[in-house]
Amino acid sequence: MRDPRTERLAAWYGANARDLPWRVPPGDPTPPDPYRVWLSEVMLQQTTVAAVRDYFARFTTLWPTVHDLAAAEDAAVMAAWAGLGYYARARNLLKCARAVVSDHGGRFPDTEAALLTLPGIGPYTAAAIAAIAFGRPAVVVDGNVERVMARLGAIQTPLPAAKPEIRALAACLTPEVLPGDHAQAVMDLGATLCTPRKPTCMLCPLADGCEGRRLGVAESLPRKAPKVPKPERSGFVYLARLGDLWLVETRPAKGLLGGMLAFPTSDWGAHPASDPPFDAPWREVGQVRHTFTHFHLTLTVMTAETRANPDRGNFAPLDPDALPTLFGKAHALVTQGSAATA
DNA sequence: CAACCGTGGAC
DNA sequence: TGTCCAAGGTT
């Protein structure tokens, strides 16, 4: 016996599903391409649909299949990902594509457990791919589901302690039939009506049975632990030119901006020490501000016309679009002038 | 398990 | 302007 809320949600989704490039229409018996589902799910991790759209189009044009992606150069994939953030996703994307080709005959595994063994695929993404691309009744729990379920059940326990309760409620509502549509229906509901601020309960297909709404506490759910303040860090970034060439380096594969194209920098900390890649009359151009997940950063931008053998990095032609946003700001400051000064 | 890991848009 | 937030994963 299906929960009546599952029925109401399915009917709502049939009429209100968002049309997205990686989706098939609601009720479509032909499942979408697992490669496209996987790619979209990884891109959508902690990232908005609006931000993902162009990147998804670019990736599927450059690399239409998992074989194409697996054969791509690391630097090409990192460059294509530049600006989307959380660059470990791009590194794991490549690892995963290559594992699918070398260990799974070029086909994504069709079970949650097998998907979970692949790089960059965690509990949410494994469940989402299993449900959407393979029709398996996996319990898909993402931020939308957490919010919708917390409100539906008026769950007052703060996250992350509330996860078991939330998962139990989500499991109650997960159908055997068209589980992929159901998962996307909850996410669409969370993205369009049951939003973090000012939810549109008047249009919600689940408003009737929503305990949070009945008690007048929906908008305050889910409760979350207070966030820690971001410390300030600062440092120097060095933009050196040799004719049309720029001094660039690839950042170490782990850690912040790992594997990305970058300009040399000093260490970043509370009290920055200058550490240029070579001795020269460096000229201060200005400063750029940038906020990462867990700290604020101010970089003093230094520039010089150059020497041929720096201590680190290489002189190379530069595609500014291949830079992560922080270094894009520094590049814009040097090439255009005063736009990004702090 | 809590810390780490980007970015741009909304308010 | 600063804060919060978005289809999380890894260590």
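Computed from heavy atoms alone, side chains included, the values below leave out hydrogens, waters and symmetry copies. Naming convention: chains lettered A, B, ... in sequence-line order (proteins, then strands); numbering from 1 in each chain.
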- Task: Could you tell me whether Thr291(A) contacts a base, only the sugar-phosphate backbone, or nothing, with contacts defined as non-hydrogen atoms closer than 4.0 Å?
- Result: base

- Task: Please check if any side-chain donor atom of Gln45(A) sits under 3.5 Å from a side-chain acceptor atom of Arg89(A), or the reverse.
- Result: no

- Taken in chain and number order and not counting sequence neighbours, the residues that satisfy side chain to side chain contact (heavy atoms under 4.5 Å, CB included) with Leu203(A) are Leu193(A), Thr200(A)

- Message: Students often get this wrong, so: under 4.0 angstrom with heavy atoms, is Trp81(A) touching a base, only sugar-phosphate, or nothing?
- Response: nothing

- Message: Counting only side-chain nitrogens and oxygens, does Arg147(A) get under 4.0 Å of the OP1 or OP2 atom of dC5(C)?
- Response: no

- Please list, chain by chain and in numerical order, all residues satisfying side chain to side chain contact (heavy atoms under 4.5 Å, CB included) with Asp267(A), sequence neighbours excluded. none

- Task: For Lys254(A) and for Val141(A), find the nucleotide of DNA chain C with the closest heavy atom, then tell me which residue's nucleotide is more 5'.
- Result: Val141(A)

- Message: Check this one for me: any side-chain N or O of Gln46(A) less than 4.0 Å away from OP1 or OP2 of dG8(C)?
- Response: yes

- Modelled atom types, side-chain donor and acceptor of Arg283(A) and Thr303(A), under 3.5 Å: no

- Message: Between C1' on dT10(C) and OH on Tyr86(A), what's the gap in Å once rounded to a whole number?
- Response: 12 Å

- Is Gly190(A) touching bases, backbone alone, or none of the nucleic acid, heavy atoms closer than 4.0 Å? nothing

- Item | Residues in ring pair (Phe, Tyr, Trp, His ring centres under 6.0 Å) contact with Phe278(A), at least two apart in sequence or another chain | Trp282(A)

- Rounded to whole angstroms, how far apart are NZ on Lys163(A) and C1' on dG8(C)? 9 Å

- Task: Could you state the atom-to-atom distance from NZ of Lys95(A) to P of dG9(C) in whole Å?
- Result: 15 Å

- Note on the structure: DNA chain B nearest-nucleotide lookup for Lys198(A) and Arg91(A): closer to the 5′ end is Arg91(A)

- Check every strand shown and say whether Leu84(A) touches a base, only sugar-phosphate, or nothing at a heavy-atom separation below 4.0 Å. base

- Across the strands shown, which category fits Thr325(A) at heavy-atom distances under 4.0 angstrom: base, sugar-phosphate, nothing? sugar-phosphate

- Look only at the side chain of Thr117(A) and the backbone of Leu115(A), and say whether a donor-acceptor pair between them is shorter than 3.5 Å. no

- Task: Identify, with sequence neighbours excluded, every residue that meets side chain to side chain contact (heavy atoms under 4.5 Å, CB included) alongside Arg223(A).
- Result: Gln156(A), Pro158(A), Leu221(A)

- Task: Name the residue closer to the 5' end of DNA chain B, choosing between Ala88(A) and Ala50(A) according to the nucleotide with the nearest heavy atom.
- Result: Ala88(A)

- Item | 5' to 3' contact window, DNA chain B with chain A (heavy-atom distance under 4.0 Å) | dC4(B) to dG8(B)

- Message: Using a heavy-atom cut-off of 4.0 Å across all strands, would you classify Leu20(A) as base, sugar-phosphate, or nothing?
- Response: base

- Listed by chain and number, what are the ring pair (Phe, Tyr, Trp, His ring centres under 6.0 Å) partners of Trp268(A), not counting sequence neighbours? none

- So what does Pro160(A) hit on the nucleic acid, given a heavy-atom distance under 4.0 Å: a base, only sugar-phosphate, or nothing? nothing

- Item | Atom-pair distance (CZ on Arg197(A); P on dC5(C)), nearest Å | 7 Å

- Task: Find the distance Lys227(A):NZ to dT3(C):C1' and express it as a whole number of Å.
- Result: 10 Å

- Which whole number of Å gives the distance between the P atom of dT11(C) and that of dG6(B)? 14 Å

- Task: Figure out the CG/C1' separation between Leu159(A) and dG8(C), and round it to whole Å.
- Result: 13 Å

- Gap between atoms CZ and P, on Arg289(A) and dT3(C) respectively (whole Å): 10 Å

- Item | Distance, rounded to the nearest Å, where Asp142(A) contributes CG and dA6(C) contributes C1' | 10 Å

- Taking only side-chain nitrogens and oxygens of Lys230(A), does any of them come within less than 4.0 Å of OP1 or OP2 of dT3(C)? no

